[in-house]
Amino acid sequence: MNDALKSLLDLLALERIEQDIFRGLSRASVVPRVFGGQVAAQALVAAGRTVPADRPPHSLHAYFLRPGDPGAPIVYTVDRIRDGRSFTTRRVVAVQHGQPIFHLSASFQVYEEGLEHQEPMPPAPDPLELPTAAEMLPRHAERFLAPGVAERLLEARAAIDLRYADEPPYVTAGAPRDPRSQVWFRTQGKLDDDGDGDIPRPLLDICLVTYVSDMTLLDSILLAHGRGGWAVGDVVGASLDHAMWFHRPLRADEWLLYDQESPTAQGGRGLGQGRIFTADGQLAVSVIQEGVIRVPR
């Protein structure tokens, strides 16, 4: 486990300041606001710490309301909406400077047997044959809007080993492509089988995957229009809402394939949808996100 992953786990280890109120810190992002995946993961940690450990999350639905201030703590208030025999529902509001910046609803379920089917895993290259971010980003640093962007991106993603199956948007800017993208990812090091502090597994794995899920989901929108992204300077954007469904067990420290596509973009917004598969082909997570995607005037 590298220092960056330890730092990420510390970021998820929220301080409990009341029974259902938690406080989390932030760290500098590559953009002047809190990374959305961090807020979503921390909010899910807060919700999960009020739920029995034998009830992992099966879905979340969230809205990004205001940009977060990376220099200030975030307070997460959990509302215990329902505790049923099989399902538990929680609502979380994240507040900074007296204003809500994020809202999440999450549902948790005890394990039970049932009908089962899934779509097959799509073809994808072996992740170990793909370039790492440390190999890819410096190679294309001249494409970015300003000096130092490649280094900041590397620092922001240092806890996660994330590898593109095809060239990322910043490499092919100017040439529209099929609106599909694939990345393999896993944590940079193994996690403790017991979890981390007050975050048991599998909650820890799900929260880490939630963190990563916001990193690349809008890439497929950029690809459809030959845009390189904010780091290139040919679009500005931000996440608007985010939904995830957790279907099957996964481990965040083992390779996961994130298969992503965009069915539509319009009105200054674009939709991204993704499926996360385990390396042995199990469909573990479905993700949908809408984001603001604007061309600078």
Side-chain angles (χ1 to χ4, degrees), residues 8-9 11-24 26 34-66 68 74-96 100-112 114 195-215 217 239-252 256 258 272-276 283-291:
L8 176 56
L9 295 179
L11 207 64
L12 297 181
L14 305 180
E15 174 191 4
R16 188 189 292 267
I17 56 179
E18 290 288 349
Q19 180 181 5
D20 293 335
I21 303 176
F22 302 84
R23 179 163 48 211
S26 298
V34 176
F35 170 52
Q38 175 204 305
V39 184
Q42 287 182 326
L44 190 57
V45 168
R49 286 180 59 182
T50 70
V51 177
D54 65 347
R55 296 191 177 202
H58 74 84
S59 70
L60 68 82
H61 302 263
Y63 282 93
F64 299 91
L65 305 176
R66 293 179 176 85
I74 306 173
V75 175
Y76 296 91
T77 301
V78 181
D79 192 358
R80 300 184 183 229
I81 300 297
R82 179 175 183 267
D83 290 288
R85 288 184 297 176
S86 299
F87 291 89
T88 295
T89 307
R90 295 291 185 261
R91 181 172 57 207
V92 183
V93 178
V95 175
Q96 272 189 324
I101 65 168
F102 180 81
H103 176 278
L104 174 140
S105 295
S107 185
F108 302 74
Q109 181 193 15
V110 296
Y111 175 78
E112 60 182 82
D196 184 71
D198 293 319
I199 314 175
R201 298 185 79 165
L203 177 62
L204 178 61
D205 293 279
I206 290 175
C207 291
L208 286 166
V209 168
T210 299
Y211 175 85
V212 178
S213 69
D214 189 40
M215 286 184 173
L217 187 52
S239 304
L240 288 172
D241 58 6
H242 197 77
M244 303 180 72
W245 294 264
F246 307 101
H247 310 303
R248 294 174 178 84
L250 55 79
R251 295 181 68 96
L256 297 166
Y258 199 1
Q273 55 190 31
R275 301 172 300 166
I276 298 176
L283 177 56
V285 188
S286 296
V287 192
I288 295 181
Q289 181 182 95
E290 189 173 45

Does the pair Arg66 and Gln96 meet the rule for a side-chain contact (heavy atoms from CB on, under 4.5 Å), with working shown?
-> CA-CA 9 Å; Arg66 293 179 176 85; Gln96 272 189 324; over 6 Å; no
Distance in Å, [X] [atom1] paired with [Y] [atom2], rounded so as to fall on 0.5 Å steps:
X: His242; Y: Ile288; atom1: NE2; atom2: CD1; result: 10.5 Å
X: Glu15; Y: Ile21; atom1: CD; atom2: CD1; result: 11.5 Å
X: Arg23; Y: Glu18; atom1: CZ; atom2: CD; result: 10.5 Å
X: Ile206; Y: Phe108; atom1: CD1; atom2: CZ; result: 8.5 Å
X: Phe35; Y: Ser26; atom1: CZ; atom2: OG; result: 12.0 Å
X: Leu11; Y: Cys207; atom1: CG; atom2: SG; result: 12.0 Å

Look at atom OH of Tyr63 and say whether more than 12 heavy atoms of other residues, nucleotides or ligands are closer to it than 6.0 Å.
-> no
Within 6.0 Å of CZ in Arg91, more than 12 heavy atoms from elsewhere | no
Check: His58/Ser107 side-chain N/O donor and acceptor closer than 3.5 Å = yes
Residues Thr50 and Arg90: side-chain donor-acceptor under 3.5 angstrom = yes
Got Ile276 and Val287 here, is their nearest side-chain heavy-atom distance under 4.5 Å?
-> yes
Do Leu203 and Pro56 have side-chain heavy atoms sitting under 4.5 Å apart?
-> no
Checking side chain to side chain contact (heavy atoms under 4.5 Å, CB included) against Leu204, which of Ile199, Val45, Asp198 comes through?
-> Ile199
Residue of the set Val209, Leu208, Val285 for which side chain to side chain contact (heavy atoms under 4.5 Å, CB included) holds with Leu256 | Val209
Passes salt bridge (charged side-chain N to carboxylate O under 4.0 Å, His left out), Asp20 versus Arg49? Steps please.
-> CA-CA 9 Å; Asp20 293 335; Arg49 286 180 59 182; over 6 Å; no
Walk me through it: do Val92 and Phe102 pass the test side-chain contact (heavy atoms from CB on, under 4.5 Å)?
-> CA-CA 8 Å; Val92 183; Phe102 180 81; over 6 Å; no
Stepwise side-chain contact (heavy atoms from CB on, under 4.5 Å) check, Phe246 with Thr210 | CA-CA 10 Å; Phe246 307 101; Thr210 299; 3.7 Å; yes
For Ala41, enumerate each residue passing the side chain to side chain contact (heavy atoms under 4.5 Å, CB included) test, keeping only those at least two apart in sequence or located in another chain.
-> Leu12, Tyr211
